[in-house]
Amino acid sequence: MKKFACYMLLSVCFNLNHLEAKEANIKHALVAGGAGFLGSHLCERLLHEGYEVTCLDNLLTGHKKNISTFLNNPLFHYIEQDICNLNIPEEHYDEIYNLACPASPKRYQADPLHTLDTNYVGTLNLLKLANKCNAIFFQASTSEIYGNPSVHPQDEIYSGNVNPIGVRACYDEGKRVAETLCFEFHRQHNLQIKVARIFNTYGPKMSPDDGRVVSTFINQALEGQDITVHGDGSQTRSYCYVDDLIDGFRKFMNTEKEITGPMNLGNPTELTVLELAEMIISLTDSSSSIVFHKLPQDDPTRRKPNISLAEKSCGWNPNISLREGLKRAIEYFSMIKEDNQ
Ligand code: UDP
C-alpha cells in the first residue's frame with residue numbers, strides 16, 4: 001500500500017510510462033469499449049483499485065466526456081481505435097475486458113455488418129492478444145443470448161431462442177459466436193476466460209439518445225414529452241444499477257481459474273415496461289402522458305436473470321433497488337440537461 005501511495009505521488013510529478021508502472025508491480029488492464037457507458041465505469045473502478053488502465057474505443061457509441069474526469073490520470077491511457085483493426089503498441093496486459101460493441105438495439109442495428117465484425121473479428125483480435133500476454137479475458141456477453149426465452153427466469157444452462165435472420169441477430173448471434181470463440185480459446189489454449197451475460201443495466205453515463213428504455217423514458221419525462229411505450233407495455237425486463245454490475249465484473253474476475261461462466265449478471269427484480277414508465281413519471285413528478293407505439297420486431301416478451309450461479313461462485317448480489325437507482329439516474333440526466341441549456 002505504502003509502495004502504491006509513493007508511486008501515485010511520483011506519478012503526479014513525472015510522466016510515467018508502462019515500464020515504470022510494471023516495476024511498481026501495478027496490474028495493467030486493457031478495457032476495449034472503455035469510453036462507453038459500462039466501460040467508463042469499469043475504467044474508473046480499476047483506477048480506483050490501483051490498476052494501470054489502457055482504454056481502447058472507436059467512439060462509435062462511446063464518448064470522451066465519459067472518461068474526462070480521469071483522462072489526465074498518469075495511470076490512464078487512451079487509444080482511439082476499432083478492435084476490428086487492432087494495432088496497439090506491444091504491452092503486457094494482465095486483464096483484458098471486451099466491452100466494445102454498441103449495445104442498444106437502435107445502435108447495433110444501425111450498421112449490422114459492423115456489429116457482426118465487432119463481435120467476431122474484434123473479439124478474435126482481443127483473444128489473440130490475451131493469449132499472447134496470458135491475460136485473463138473478460139467477455140461482456142448478454143442476456144440477448146437467450147433471445148425470446150421460453151424458459152423463465154433464464155439460467156445459464158438454457159441455450160436460448162434466437163431468430164438467426166431477424167433484425168436483432170447481428171447482435172444476438174454476434175455475441176453467441178463471441179462466446180464460442182472464448183470457449184475455444186479456453187479449451188485449445190488454456191486461456192483464462194470470464195464470460196458474463198449482462199442483463200439490462202442503467203445509470204449515469206448512459207447515452208441519452210441511444211433509444212434504450214430507461215434513458216429514453218427519463219428524458220421524455222424530464223422534458224414533459226409523451227412516454228413512448230412499445231406494444232402494450234406488457235413485456236418485462238429486469239434492470240440492474242451500473243455500480244452493482246461493475247461490482248459483479250470485479251468479483252467474477254477475481255474468482256478461481258476454473259470459474260469461466262457463462263454467468264448471468266443482472267438484477268432479478270422484474271417489471272413490465274408500462275410499470276417502468278409509470279414509476280419514472282411518478283419519480284420525476286412529470287406531466288408526461290403515456291402513448292403506445294408499434295412493438296419492434298423480435299422484441300423479447302420477458303427477461304429475468306436467475307443469478308444463483310453468481311451468488312454461489314462470486315458471492316455477488318445486487319444491492320441497489322430500482323427506485324434508488326432510478327433516482328440517481330434521474331439526477332444525472334437532470335444535470336446534463338441543465339448543462340446543455
Ligand atoms: N422500449 C419502449 N419504448 C422506448 C424504448 C424501448 O417501450 O422508447 C421497450 C423495448 O421495445 C423493449 C424494452 O423497452 O421491450 C427494453 O428496450 P431496450 O432497448 O432498453 O433494451 P432491450 O432489452 O430490448 O435490448
Side-chain angles (χ1 to χ4, degrees), residues 36-38 61 99 101-110 112 115 118-119 140-149 152-154 160-163 166-176 178 196-242 245 264-281 284 286 288-305 322 325-326 329-330 333:
F37 164 45
L38 298 181
T61 54
L99 278 74
C101 185
S104 82
K106 175 177 163 186
R107 291 293 171 84
Y108 68 64
Q109 288 170 26
T115 301
T118 303
N119 283 302
S141 191
T142 167
S143 53
E144 289 280 321
I145 293 283
Y146 303 119
N148 191 15
H152 195 73
Q154 295 79 54
N161 175 32
V162 171
N163 172 4
V167 291
R168 292 176 92 105
C170 58
Y171 186 71
D172 300 6
E173 297 292 12
K175 287 288 185 180
R176 287 170 72 92
R197 290 184 178 158
I198 303 167
F199 283 65
N200 296 64
T201 304
Y202 67 98
K205 297 191 183 177
M206 273 185 111
S207 212
D209 59 353
D210 71 359
R212 269 188 285 203
V213 69
V214 174
S215 43
T216 303
F217 285 1
I218 291 178
N219 283 295
Q220 288 170 334
L222 291 175
E223 297 285 347
Q225 294 167 355
D226 288 343
I227 308 276
T228 53
V229 166
H230 295 165
D232 61 6
S234 63
Q235 68 274 32
T236 70
R237 295 292 186 273
S238 311
Y239 305 94
C240 186
Y241 189 70
V242 62
L245 187 82
N264 288 342
L265 291 178
N267 187 324
T269 310
E270 181 188 16
L271 73 167
T272 66
V273 165
L274 192 55
E275 285 166 337
L276 178 74
E278 283 160 355
M279 198 166 177
I280 289 175
I281 290 176
T284 48
S286 171
S288 293
S289 315
I290 292 175
V291 296
F292 295 90
H293 286 192
K294 196 170 168 276
L295 189 70
Q297 192 195 322
D298 289 337
D299 200 290
T301 50
R302 53 189 181 163
R303 186 182 287 157
K304 172 183 171 155
L322 182 62
L326 284 177
I330 290 166
F333 284 113

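Being a predicted model, the structure only gives us computed values, none of them experimental. Every number for a ligand or one of its atoms is a count from 1 in the order of the listing.
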Is there a polar contact between ligand 1 and Pro296, counting only N or O atoms under 3.5 Å apart?
no
Hey, which atoms in ligand 1 end up nearer than 4.0 Å to a heavy atom of Pro105?
19 (O), 25 (O)
Under the side chain to side chain donor-acceptor pair (under 3.5 Å) rule, what do Asn119 and Tyr108 come out as? Steps first, then yes or no, please.
CA-CA 11 Å; Asn119 283 302; Tyr108 68 64; over 6 Å; no
CD1 of Ile227 to NE2 of His293, rounded to nearest 0.5 Å, is 11.0 Å
For Glu144, the ligand 1 atoms with a heavy-atom partner under 4.0 Å come out as 25 (O)
For ligand 1 and Arg212, I'd like to know whether there is a polar contact (N/O to N/O, distance under 3.5 Å).
no
Sub-4.0 Å atoms of ligand 1 with respect to non-hydrogen atoms of Asn200:
21 (O), 22 (P), 23 (O)
Side chain to side chain donor-acceptor pair (under 3.5 Å) evaluation trace for Glu270 with Thr236:
CA-CA 6 Å; Glu270 181 188 16; Thr236 70; 2.6 Å; yes
Working to the nearest 0.5 Å, report the span between CD of Glu275 and CG of Leu322.
10.5 Å
Report yes if the side chains of Tyr241 and Asn267 come closer than 4.5 Å at any heavy-atom pair, otherwise no.
no
Can you tell me how far CG of Leu265 sits from CG of Leu245, rounded to the nearest 0.5 angstrom?
6.0 Å
Run the numbers for me: atoms of ligand 1, each under 4.0 Å from some heavy atom of Val229, listed by number.
7 (O)
May I ask you to decide if Arg176's main-chain N or O and Ser141's side chain share a donor-acceptor pair within less than 3.5 Å?
no
With only distance considered, is His230 within less than 3.5 Å of ligand 1 through an N or O on each side?
yes
for atom 20 (O) of ligand 1, nearest protein heavy atom and its distance come out as Val213 N, 2.8 Å
Heavy-atom pairs closer than 4.0 Å: do any link ligand 1 to the side chain of Arg303, the backbone, both, or neither?
side chain
When you compare the side chains of Asn148 and Thr301, does any donor N or O come within less than 3.5 Å of an acceptor on the partner?
yes
Measure the distance from atom 15 (O) of ligand 1 to every protein heavy atom, then report the residue, atom name and distance (to 0.1 Å) of the closest one.
Asp299 OD1, 2.6 Å
Under 4.0 Å from one or more heavy atoms of Val273, ligand 1 contributes atoms 7 (O), 13 (C), 14 (O)
Any N/O pair Arg168/ligand 1 closer than 3.5 Å:
yes
N or O pair under 3.5 Å between Thr216 and ligand 1
no
Would you mind telling me if ligand 1 is within reach of the side chain of Val214, the backbone, both or neither, using heavy atoms under 4.0 Å?
neither
Identify, for atom 3 (N) of ligand 1, the protein heavy atom at the shortest distance, and state residue, atom and that distance.
Thr228 O, 2.6 Å
Can Lys294 and Asp299 be counted as an ion pair, charged N to O under 4.0 angstrom?
no
Could you grab the distance from atom CD1 of Ile281 to atom CZ of Phe217, nearest 0.5 Å is fine?
8.5 Å
